[in-house]
Chemist: 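My questions all concern the structure below.
Letters A, B, ... are given to chains in the order of the sequence lines, protein chains preceding strands, and every chain is numbered from 1.
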There are 2 protein chains.
Amino acid sequence: MEEQDIKRAGLKVTQPRLKILDLLGNTRERHLSAEDIYKILLGNGDEIGLATVYRALTQFEAAGLVNRHHFEGGQAVFELASEEHHDHMVCMRTGRVLEFCDEIIEQRQRELAHQHNFRITGHSLILYGEFLDNNDEKA
Amino acid sequence: MEEQDIKRAGLKVTQPRLKILDLLGNTRERHLSAEDIYKILLGNGDEIGLATVYRALTQFEAAGLVNRHHFEGGQAVFELASEEHHDHMVCMRTGRVLEFCDEIIEQRQRELAHQHNFRITGHSLILYGEFLDNNDEKA
DNA sequence: ATTAACATGATAAAGCATCTCATTTCACTC
DNA sequence: GAGTGAAATGAGATGCTTTATCATGTTAAT
């Protein structure tokens, strides 16, 4: 329940915050920019301000509810945080984003970090390119 | 020779462009933001405009002479392009950047992309964290 | 030296994100 | 359920990075 998540984050349960979390959880496109969210909610007839969207997303990120990614192209995108870390393939043609997990890469990253006396606190692996099939509709 | 690189890129050989390439090649810190470059050159007594720095870097990037990276923290950083692709560990405490190459990860990325019918045109792997030793001075 | 195309740099402008602050909403108490 | 203080909202201002504009200055080839 979104309400619980918001409370657990030490935040008041408000309409804007519920709407944002709900949208992130129930949209076909898991990865949305702050402006996407703002426009979709406005389109739904909700009253909301862009500043509120940014604020809420930043708070959700701090609470671990959502992740922020900086794909190429200026705007950051947000997604509901899932159990395990995952990486992304981003189609430069259609914008489609595919998430993937790979334990071999994760393991190798840990090894390399250890070799260099580096303590990893976060990481970002993004493959840019394009999908050769035309499944982009079913993304 | 920097002059040749600039010519090969189809650009005129100008003082600002030479200075920028020279700086990128001869600075201890391989990764500089446009503003870093601008300020260093100003500090050296050179006359240069920030717009010129951005323009030159964008042109060099298009020509494959430099790479642009979007580490966390707003500003993009630029580095002289080297033979082979490499990834980065970024120290969140000191800003130190360590480059590394790992064929196991590269290979695995290719496999995963192939599995998903994805043609890779670029990729970005960044590990954020901190170095546990205090070699930051020798970076 | 001349010249035409290109480059420069100061400043304006665009784009993304955050800050400000007056108003509203939430959640708790009685 | 009304009252109250703290927190949240939203409109607009502001900040910061990057790009566009354009009059002036350089380059490189004749």
Chemist: Between P on D:dT17 and CD on B:E35, what's the gap in Å once rounded to a whole number?
Modeler: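 In whole Å, D:dT17 P lies 6 Å from B:E35 CD.
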Chemist: Does the plane of the ring in A:H85 sit parallel, tilted or perpendicular to the ring in A:H123? Use 30° and 60° as the thresholds.
Modeler: tilted
Chemist: Using a cut-off of 4.0 Å on non-hydrogen atoms, how would the nucleic acid contact of A:T14 be classed: base, sugar-phosphate, or nothing?
Modeler: sugar-phosphate
Chemist: Flag the pair B:F78 / B:H31 as yes when their ring centroid distance falls below 6.0 Å, and as no otherwise.
Modeler: no
Chemist: Pick the closest DNA chain D nucleotide for A:K12 and for A:V53 by heavy atoms, then say which residue is nearer the 5' end.
Modeler: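 Final value for this comparison: A:K12.
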Chemist: Fit a plane to each ring of B:H86 and B:H88, take the angle between them on a 0 to 90° scale, and name the class: parallel (under 30°), tilted (30 to 60°) or perpendicular (over 60°).
Modeler: perpendicular
Chemist: Of the options C:dA10, D:dG10, C:dA27, whose atoms approach the side-chain atoms of B:A51 most closely?
Modeler: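 The answer is C:dA10, which lies nearest to the side chain.
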Chemist: Is it true that a side-chain atom of B:R17 and a backbone atom of B:K12 form a donor plus acceptor pair closer than 3.5 Å?
Modeler: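 Present.
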Chemist: If you define the side chain from C-beta out and look only at heavy atoms, does anything of A:F100 sit under 4.5 Å from A:L125?
Modeler: yes
Chemist: Using atom CG of B:L32 as one end and atom C1' of D:dT17 as the other, report the distance to the nearest whole Å.
Modeler: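 About 17 Å, once rounded to whole Å.
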Chemist: Hey, does A:A34 reach any base, or is it just sugar-phosphate, or nothing, if we go heavy atoms under 4.0 Å?
Modeler: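 The residue A:A34 makes no contact with any strand.
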Chemist: Closer than 4.0 Å, any side-chain N/O of A:R55 to the OP1 or OP2 of C:dC19?
Modeler: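 For C:dC19, OP1/OP2 do not have a side-chain N/O of A:R55 under 4.0 Å.
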Chemist: How long is the line joining CD of B:E47 and C1' of C:dG9, in whole Å?
Modeler: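 Rounded to whole Å, this separation is 9 Å.
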Chemist: Calculate the interatomic distance between A:R17 atom CZ and D:dA7 atom P; express it in whole Å.
Modeler: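 Between P of D:dA7 and CZ of A:R17: 11 Å.
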Chemist: Figure out the CD1/P separation between A:I6 and C:dC26, and round it to whole Å.
Modeler: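 Between P of C:dC26 and CD1 of A:I6: 12 Å.
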Chemist: Atom OH of B:Y38 to atom P of D:dC16: distance rounded to whole Å?
Modeler: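 The answer, rounded to whole Å, is 16 Å.
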Chemist: Whole Å only: how far is the OH atom of B:Y54 from the P atom of C:dT8?
Modeler: 16 Å
Chemist: If you find the nucleotide of DNA chain D closest to B:T58 and the one closest to B:L11, which residue's nucleotide is nearer the 5' end?
Modeler: B:T58
Chemist: Can you tell me how far P of C:dC6 sits from CD of B:Q15, to the nearest Å?
Modeler: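 Spelled out: CD on B:Q15 to P on C:dC6 is 20 Å.
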Chemist: Looking for any heavy atom pair under 4.0 Å, which part of the strands does A:L50 touch: base, sugar-phosphate only, or nothing?
Modeler: nothing
